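Here the structure is laid out as structure tokens; the discussion comes afterwards.
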2 protein chains.
Amino acid sequence: MTFDKAIRLIRENGMKRTPSREALLRLFASDGRYLSAADVRQALAYEHPAMSLDTIYRNLSSFAELGILEETELGGERKFRMHCDRDGHHHHFICMECGRTEELDLCPMDEAAGLLPGFTIEDHKFEVYGRCPDCAVAK
Amino acid sequence: MTFDKAIRLIRENGMKRTPSREALLRLFASDGRYLSAADVRQALAYEHPAMSLDTIYRNLSSFAELGILEETELGGERKFRMHCDRDGHHHHFICMECGRTEELDLCPMDEAAGLLPGFTIEDHKFEVYGRCPDCAVAK
DNA sequence: CTCTCTGCAAATAGTTTGCAGCGGC
DNA sequence: GCCGCTGCAAACTATTTGCAGAGAG
């Protein structure tokens, strides 16, 4: 998702365009990795040293609710990345070393649903963890 | 995994057979759901009211390391269930209402690996969430 | 008798909330 | 100027750790 579209969504939902939010969205628009609140704070330490963790937490949660960010739980932390606008539902590979993500054009749910007659499916999670080619070499 | 096999694993790793551990393993052997430390405490409140959360945390972590328990992150909590000894790698459906789990004879990794040439895959997670037939009706 | 396990208490990490002032619109 | 946004401080939740005594082998 682009920075502009995210801003539009924010305005459409009656939220204000503030410097904090601009900085957060700009960061996520340019960094494809999953970032924790602490990661975000560090990334913005130079540009926005005054931005508090509270603000980061509050905004990341709001953004996730609006569908601007995708959320996952990684190593006991909530992590976020910009939502992919691409056609088609898909999942991600996540590099444990550098955090790089790769889209996987694959969703096992069609098959899985057939194995669960009578069950109501509401959500699912499929993530692959490992090392990207760069980090695999470095090891 | 059976209670007896779990006890054997514990002994083989130089750990002692204590009343706490017996109670924990007996619980997991009879309850197929994913349980948090707090869930376990409540389940054992009558039989072992003195067992502290500390003990529960420490033992669940040890058991998970030995492969006796499987671990997952659900709603921001670490949850555990007895490891399935069944042949073949598989995943789970988890009922969001009652916690019931269902085994899914399906793993998307074979396909996924083909989409990631040059990447080193170390782990993956595939879980399906929803309501089991009983809970779907109750809604 | 030794060495592990346990409960207690305190510490820690990540996250959330109440409040009063600041700042978009 | 109004109402939402922010920083501060404090609270909260889940979890971990140091320590000294209790208990398994």
Side-chain angles (χ1 to χ4, degrees), chain A residues 3-4 6-27 34-45 47-66 68-81 99, chain B residues 3 6-27 34-45 47-66 68-69 71-81 99:
Chain A
F3 173 85
D4 291 333
I7 290 284
R8 203 179 321 135
L9 274 170
I10 285 188
R11 306 305 311 283
E12 285 170 5
N13 283 79
M15 295 169 65
K16 293 181 178 172
R17 172 178 187 147
T18 65
S20 304
R21 287 176 180 164
E22 282 185 19
L24 289 170
L25 292 173
R26 232 182 287 282
L27 171 62
Y34 275 102
L35 303 175
S36 68
D39 294 335
V40 170
R41 182 157 169 71
Q42 192 175 355
L44 298 181
E47 217 190 330
H48 291 265
M51 194 186 307
S52 70
L53 267 178
D54 319 73
T55 297
I56 296 173
Y57 277 118
R58 267 187 284 230
N59 281 317
L60 296 192
S61 293
S62 305
F63 294 168
E65 241 173 90
L66 295 187
I68 295 174
L69 298 181
E70 296 178 19
E71 192 177 348
T72 193
E73 192 95 22
L74 223 56
E77 278 179 322
R78 290 173 69 188
K79 297 207 167 201
F80 302 83
R81 56 162 285 151
Chain B
F3 174 85
I7 290 284
R8 201 178 323 134
L9 274 170
I10 284 188
R11 306 305 312 282
E12 285 170 5
N13 283 79
M15 295 168 66
K16 294 182 177 171
R17 171 179 187 147
T18 66
S20 304
R21 287 174 180 164
E22 283 186 16
L24 288 170
L25 292 173
R26 230 183 289 281
L27 171 62
Y34 275 103
L35 302 175
S36 68
D39 293 335
V40 170
R41 182 157 168 73
Q42 192 175 354
L44 298 181
E47 218 190 329
H48 293 265
M51 193 186 308
S52 70
L53 268 177
D54 319 74
T55 298
I56 296 173
Y57 277 116
R58 269 188 283 231
N59 281 319
L60 296 192
S61 293
S62 305
F63 294 168
E65 241 174 90
L66 295 187
I68 295 173
L69 297 181
E71 190 178 349
T72 193
E73 191 94 23
L74 223 57
E77 277 178 324
R78 289 174 69 190
K79 297 206 165 201
F80 302 83
R81 57 162 286 152

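Since we're looking at a predicted model, the values are computed, not measured. Naming: A, B, ... by sequence-line order, numbering from 1 per chain.
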* Asked: Within this structure, what is the OH-to-P distance between A:Y57 and D:dC8, rounded to whole angstrom?
  -> 16 Å
* Structure fact -> Out of C:dT6, C:dT4, D:dT6, minimum distance to the side chain of B:S20 belongs to C:dT6
* Calculate the interatomic distance between A:N59 atom CG and D:dG4 atom P; express it in whole Å. => 15 Å
* Starting at CG of B:L74 and ending at P of D:dT15, how long is that distance when rounded to a whole Å? -> 12 Å
* Would you indicate what B:R58 reaches in the nucleic acid, counting non-hydrogen atoms under 4.0 angstrom: base, sugar-phosphate, or nothing? => base
* Given atom CZ of A:R41 and atom C1' of C:dT15, what is their separation to the nearest angstrom? -> 14 Å
* Asked: Within the structure shown, what part of the strands sits under 4.0 Å from B:A50 by heavy-atom distance: base, sugar-phosphate, or nothing?
  -> sugar-phosphate
* Closest nucleotide among C:dT16, C:dC5, D:dT15 to the A:D54 side chain -> C:dT16
* In whole Å, what is the span from the CE atom of A:M15 to the P atom of D:dC3? -> 18 Å
* To do: Could you please name the option among C:dG23, D:dA14, D:dA24 that lies closest to any side-chain atom of B:E77?
  => D:dA14
* Structure fact -> To the nearest angstrom, the CD1-P distance between A:I7 and C:dG24 comes to 13 Å
* Could you state the CG-P distance from A:N13 to D:dG4, rounded to the nearest angstrom? -> 14 Å
* Asked: Rounded to whole angstrom units, what separation is found between the CE atom of B:M51 and the C1' atom of C:dC8?
  -> 16 Å
* At what distance, to the nearest 0.5 angstrom, does CG of B:N13 lie from CG of B:L66? -> 4.5 Å
* To do: First locate atom CD1 of A:I10, then atom CZ of A:F63, and finally report the distance between them rounded to the nearest 0.5 Å.
  => 4.0 Å
* Structure fact -> Quick note, A:R11 side chain, CB onward, closest among D:dT15, C:dC25, D:dG7 is C:dC25
* Given C:dC25, C:dC3, C:dT15, which nucleotide is nearest the side-chain atoms of B:K16? -> C:dC3
* **Nucleotide nearest A:R21 when distance is taken to its side chain, options C:dG7, D:dC5, D:dT16** => D:dC5
* Asked: Nearest to the side chain of A:T55, which nucleotide is it out of D:dT16, C:dG7, D:dT6?
  -> D:dT6
* Identify, between B:P19 and B:E73, the residue whose nearest nucleotide on DNA chain D lies closer to the 5' end. => B:E73
* Short side-chain N/O contact to D:dT6 OP1/OP2 from A:T18, under 4.0 Å -> yes
* Short question: side chain of A:R41, backbone of A:S36 - any donor-acceptor pair under 3.5 Å? -> no
* Structure fact -> Nearest-nucleotide check on DNA chain D, B:S61 vs A:L53; residue mapping nearer the 5' end is A:L53
* Report yes or no: does B:R21 contribute a side-chain atom to a donor-acceptor pair with the main-chain N or O of B:K16 at less than 3.5 Å? => yes
* To do: For residues B:I56 and B:L44, determine if any side-chain heavy atom of one lies less than 4.5 Å from a side-chain heavy atom of the other.
  => no
* Ignoring backbone atoms, test whether B:R78 places a side-chain nitrogen or oxygen under 4.0 Å from the OP1 or OP2 oxygen of D:dT16. => yes
* Could you work out which one of D:dT6, D:dA14, D:dG7 sits closest to the side chain of A:S52? => D:dG7
* Structure fact -> Here the gap from B:L35 atom CG to B:L27 atom CG, rounded to the nearest 0.5 Å, amounts to 5.5 Å
